[in-house]
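For reference, the structure is listed below as structure tokens.
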Amino acid sequence: RCRCKRIDKVNKKLKVNKKIKTLNFLDLFAGCGGLSEGFHKQGFHCLANIEYDHFACNSLKTRLKHYGYSEDQINVLEKDITDEDIIEEIEGKILNQKVDIVIGGPPCQSFSSLGRAKDDNGMQDDPRNFLFESYEKILNHFKPKVFVFENVTGLLSARLGKEKIINIILERLGLEYKLIEDPSKMVLNSCDYGVPQVRKRVILIGVRKDVNIDPKEIYQKIIKTHYN
């Protein structure tokens, strides 16, 4: 009940259409839908999923059916997100519906400490280092009220040359969005929220600068349910 009140409070600030009673989201680098799953469970509406892997796309379609989406509501775009026409393809799927939230996490192999340890050049030449640029491109086009960017904690230490990748991401995404300043505050651990597994992830939440919400408020309302 308390969690629903917190969601209602955020929805009110975001001026959600009362007739719709939900927020629309796009899921980028969707995989089989792990991040979308949480948004489905909280009643958000998925406009489209963008994913490259064919079998992951099949899983996405199955989950959308589970949540009651009809065939004409299921928009799973099986496509390389770096393609030049990606914006046009997404627009063709969502048909002028408003994008309230963009979620997603670029593939993390090049950011993970294990991946870098296995590579002779520390994954410096891996093209996946730059996939966040596709996230940025779509974000800047649709200009949602809020975005959620998820990745491994190795993102905080990964570098491109002498520059930390997290600093590049924060600088570029921070042009139009309010962010918290301390990267360590972005790290959440699944075991603190009832998952029987220690799995830390960077959860970067941005709020568009014209929206009257401080991102610190959102992090403060992510209440731990379990302690270790």
Are [X] and [Y] linked, directly or through other ILVMFWY residues, by side chains that come within less than 4.5 angstrom of each other?
X: L139; Y: I86; value: yes
X: L28; Y: L131; value: yes
X: F147; Y: I218; value: yes
X: I90; Y: L60; value: no
X: V148; Y: I169; value: yes

May I ask you to test the [X]-[Y] pair for a side-chain heavy-atom distance under 4.5 Å?
X: C32; Y: F55; answer: no
X: L170; Y: P183; answer: yes
X: K209; Y: Y177; answer: no
X: R172; Y: F132; answer: yes
X: E150; Y: V202; answer: no
X: R201; Y: V152; answer: yes
X: I203; Y: K185; answer: no

Tell me the closest heavy-atom pair linking [X] and [Y], and the distance in Å.
X: L95; Y: G92; answer: CD2-O, 3.4 Å
X: S134; Y: T82; answer: OG-CG2, 3.5 Å
X: G104; Y: L35; answer: N-CD2, 3.5 Å
X: L156; Y: I166; answer: O-CG2, 3.8 Å
X: P107; Y: F29; answer: CD-CD2, 3.4 Å
X: D27; Y: S36; answer: OD2-OG, 2.5 Å

Any donor-acceptor N/O pair, [X] side chain to [Y] backbone, under 3.5 Å:
X: D100; Y: N24; value: yes
X: N75; Y: L47; value: yes
X: N189; Y: V198; value: no
X: H45; Y: L23; value: no
X: D53; Y: A56; value: yes
X: R208; Y: V211; value: no
X: K178; Y: D210; value: no
X: Q97; Y: I94; value: yes
X: T22; Y: G43; value: yes
X: Y219; Y: I205; value: yes

Does the pair [X]/[Y] count as a salt bridge with the N-to-O cut at 4.0 Å?
X: D214; Y: K216; value: no
X: E51; Y: K79; value: no
X: K143; Y: E176; value: no

Above 12 or not: heavy atoms from other molecules or residues under 6.0 Å from [atom1] of [X]?
X: E171; atom1: CD; value: no
X: K137; atom1: NZ; value: yes
X: E181; atom1: CD; value: no

Legend entry - Check against side-chain contact (heavy atoms from CB on, under 4.5 Å), I81 and Y52: CA-CA 7 Å; I81 202 168; Y52 182 73; over 6 Å; no

To the nearest 0.5 angstrom, please state how far the [atom1] atom of [X] sits from the [atom2] atom of [Y].
X: F39; Y: F25; atom1: CZ; atom2: CZ; value: 7.0 Å
X: T153; Y: M186; atom1: OG1; atom2: CE; value: 13.5 Å
X: E89; Y: K93; atom1: CD; atom2: NZ; value: 7.5 Å
X: Q197; Y: C191; atom1: CD; atom2: SG; value: 9.5 Å
X: C46; Y: I103; atom1: SG; atom2: CD1; value: 7.5 Å
X: R63; Y: I74; atom1: CZ; atom2: CD1; value: 12.0 Å

Inset, instruction - Please test L204 against N151 for side-chain contact (heavy atoms from CB on, under 4.5 Å), starting from the C-alpha separation and ending with a verdict. - result: CA-CA 8 Å; L204 172 60; N151 222 286; over 6 Å; no

Inset, instruction - Using the side-chain contact (heavy atoms from CB on, under 4.5 Å) rule, take Y193 and V195 through it: C-alpha gap first, then chi angles, then the decisive distance, then the call. - result: CA-CA 6 Å; Y193 306 96; V195 178; 5.6 Å; no

Inset, instruction - Could you go through the side-chain contact (heavy atoms from CB on, under 4.5 Å) check for L64 and N49 one step at a time? - result: CA-CA 10 Å; L64 287 166; N49 299 98; 3.7 Å; yes

Legend entry - H40-Y69 aromatic ring centre distance below 6.0 Å: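 Ring centres of Y69 and H40 closer than 6.0 Å.
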
Can you confirm whether the side chains of [X] and [Y] place a donor and an acceptor under 3.5 Å from each other?
X: H141; Y: E91; answer: yes
X: Y67; Y: E37; answer: yes
X: D192; Y: T225; answer: no

